[in-house]
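What follows is a set of notes on a single structure, which appears directly below.
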There are 2 protein chains.
Amino acid sequence: MPKTSQAAGLHRASLDKLHDLDAALELMYYGWRGMTLEADDYLARQGLSRPHHRILYVVARRPDIAIGALIEILGISKQALNRPLNLLLERKLLTSKRSPEQHRSKLLRLTVAGQRIEQKASDHERKVMRAAFDRAGVSGAAAWMAVMEAIADNN
Amino acid sequence: MPKTSQAAGLHRASLDKLHDLDAALELMYYGWRGMTLEADDYLARQGLSRPHHRILYVVARRPDIAIGALIEILGISKQALNRPLNLLLERKLLTSKRSPEQHRSKLLRLTVAGQRIEQKASDHERKVMRAAFDRAGVSGAAAWMAVMEAIADNN
DNA sequence: GTATCAAGTCAATATAGTTGACATGAGGGG
DNA sequence: CCCCTCATGTCAACTATATTGACTTGATAC
């Protein structure tokens, strides 16, 4: 587990631009860091990290999700899921129970404590996004979403 | 070193939205993956990965940078830099020489082969950005940049 | 000559992931 | 009842990326 880290500021470096899109590449990098910095810091103070948050985030939005479906969404192996998932269960941030009829699969759910941590961590990220969107206005926010969708769906 | 990986498609999961900014959080995540997917795949085929690309990217834009300055910009420890940097030197993608007067520091430079790989990897990322910007138009691209700057400078 | 700076190296540790192999427990079909 | 499959769980070995701490080497600077 990470110690109470201090989230190195890491100011954006000013590099010469060899291409006109270099600024965009760097903004994607620093944007991701900027959005997740405070959330990661909060999570570290709880003895958790990004993979734990991803699990909590998905389960919050898919109550009673089975483990297999969670693996699918997260895109990792069950062995990789195992450790962070067990920690969350031990800490009672998640519960798992077998459903009455489909007794083969386990259904995951957040506890109240799990909901609190998921919400606080995601709030840190949403706060950053909200501040940026407020500055950009409604049309700027919509344009940002449209560009990000085009990038995300590039596959 | 990674094997010739196949870049798991990992289609965007459709999760219920608990907050109106959840879509933005997910777009940031999938946007980052979308931009870097092909570049990472290309790098893996060269036996390289993201840290190597970051080194090449910075040195390309700061020829004759010293190792200490590179550490600063990348925000990692010198021990963490050591392995990928030595690999790049062994592969002759980078050269290091001591300068005549400041004989204490080593100056890093890309070789022609290093330039080629840096350019190809970055081209994959720029290609994705260009396609998204083309769809969004000049004003959409400008809005995206403005929002990302606000997020990146959140610290 | 001693202190300092830049770089290099060694060891131990943490985190985050992989593949492979195998166990367990439930349900279904013959 | 036996056997197969599915969902889950677990063990082991491995890779990659990072960390901190301790120490060395070589080049200045005073």
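Only this structure's heavy atoms are used, side chains among them; waters, hydrogens and symmetry mates stay out.
Listed pair B:Ser105 / C:dA6 fails the phosphate criterion, with no side-chain N or O lying under 4.0 Å from OP1 or OP2. A:Ser77 has no side-chain polar atom (N or O) that falls below the 4.0 Å cut-off from OP1 or OP2 of C:dG17. Between D:dT20 and B:Lys78, no contact under 4.0 Å exists linking OP1 or OP2 to a side-chain N or O.
Contact of the A:His19 side chain with the A:Leu25 side chain is not registered, since no non-hydrogen atoms from C-beta on lie closer than 4.5 Å. When side chains are defined from C-beta on, B:Arg62 does not count as touching A:Asp16, because their heavy atoms never get closer than 4.5 Å. At least one side-chain heavy atom of A:Leu85 sits under 4.5 Å from a side-chain heavy atom of A:Leu108. The shortest distance between side-chain heavy atoms of B:Ile55 and B:Leu88 falls below 4.5 Å.
Between A:Leu85 atom CG and D:dT8 atom C1' the separation is 11 Å, expressed in whole Å. Between A:Ile76 atom CD1 and D:dT8 atom P there is a gap of 14 Å when expressed in whole angstrom units. Rounded to an integer number of Å, the gap from B:Leu87 CG to D:dT15 C1' is 14 Å. Atom CG of B:Leu81 and atom P of C:dA6 are 15 Å apart (whole Å). Atom CG in A:Leu70 sits about 15 Å away from atom P in D:dA7, given to the nearest Å. Nucleotide C:dA14 holds its C1' atom 18 Å from the CZ atom of A:Arg50, rounded to whole Å. When the C1' atom of D:dT8 is taken as reference, atom CZ of A:Arg98 falls 7 Å away, rounded to whole Å. For B:Glu72 and C:dC5, the CD to C1' distance is 14 Å, given to the nearest whole Å.
The 12-atom threshold is exceeded at NZ of B:Lys17, counting heavy atoms of other residues, nucleotides or ligands nearer than 6.0 Å.
Classification of the A:Tyr42-A:His124 ring pair by plane angle, with boundaries at 30° and 60°, yields tilted.
Of the candidates D:dA18, C:dA16, D:dT8, C:dA16 carries the atom nearest the A:Ser49 side chain, counting heavy atoms from C-beta on. For B:Gln79, whose side chain is taken as the heavy atoms from C-beta onward, the closest listed nucleotide among C:dA16, C:dA21, C:dT9 is C:dT9. For B:Asn82, counting side-chain heavy atoms from C-beta on, the closest listed nucleotide (C:dT9, C:dG20, C:dA16) is C:dT9. Which of C:dG17, C:dA11, D:dG9 sits closest to the side chain of A:Lys106 comes down to D:dG9.
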Requested in this report: Please report the C-alpha distance between B:Ser49 and B:Leu43 in whole Å, then the side-chain angles of each, then the deciding distance to 0.1 Å, and finally whether the side chain to side chain contact (heavy atoms under 4.5 Å, CB included) criterion is met.
Outcome: CA-CA 5 Å; B:Ser49 54; B:Leu43 289 163; 5.6 Å; no
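Of the residues in residues 53-69 of chain B, those placing a heavy atom less than 4.0 Å from an atom of DNA chain D are B:Arg54, in numerical order.
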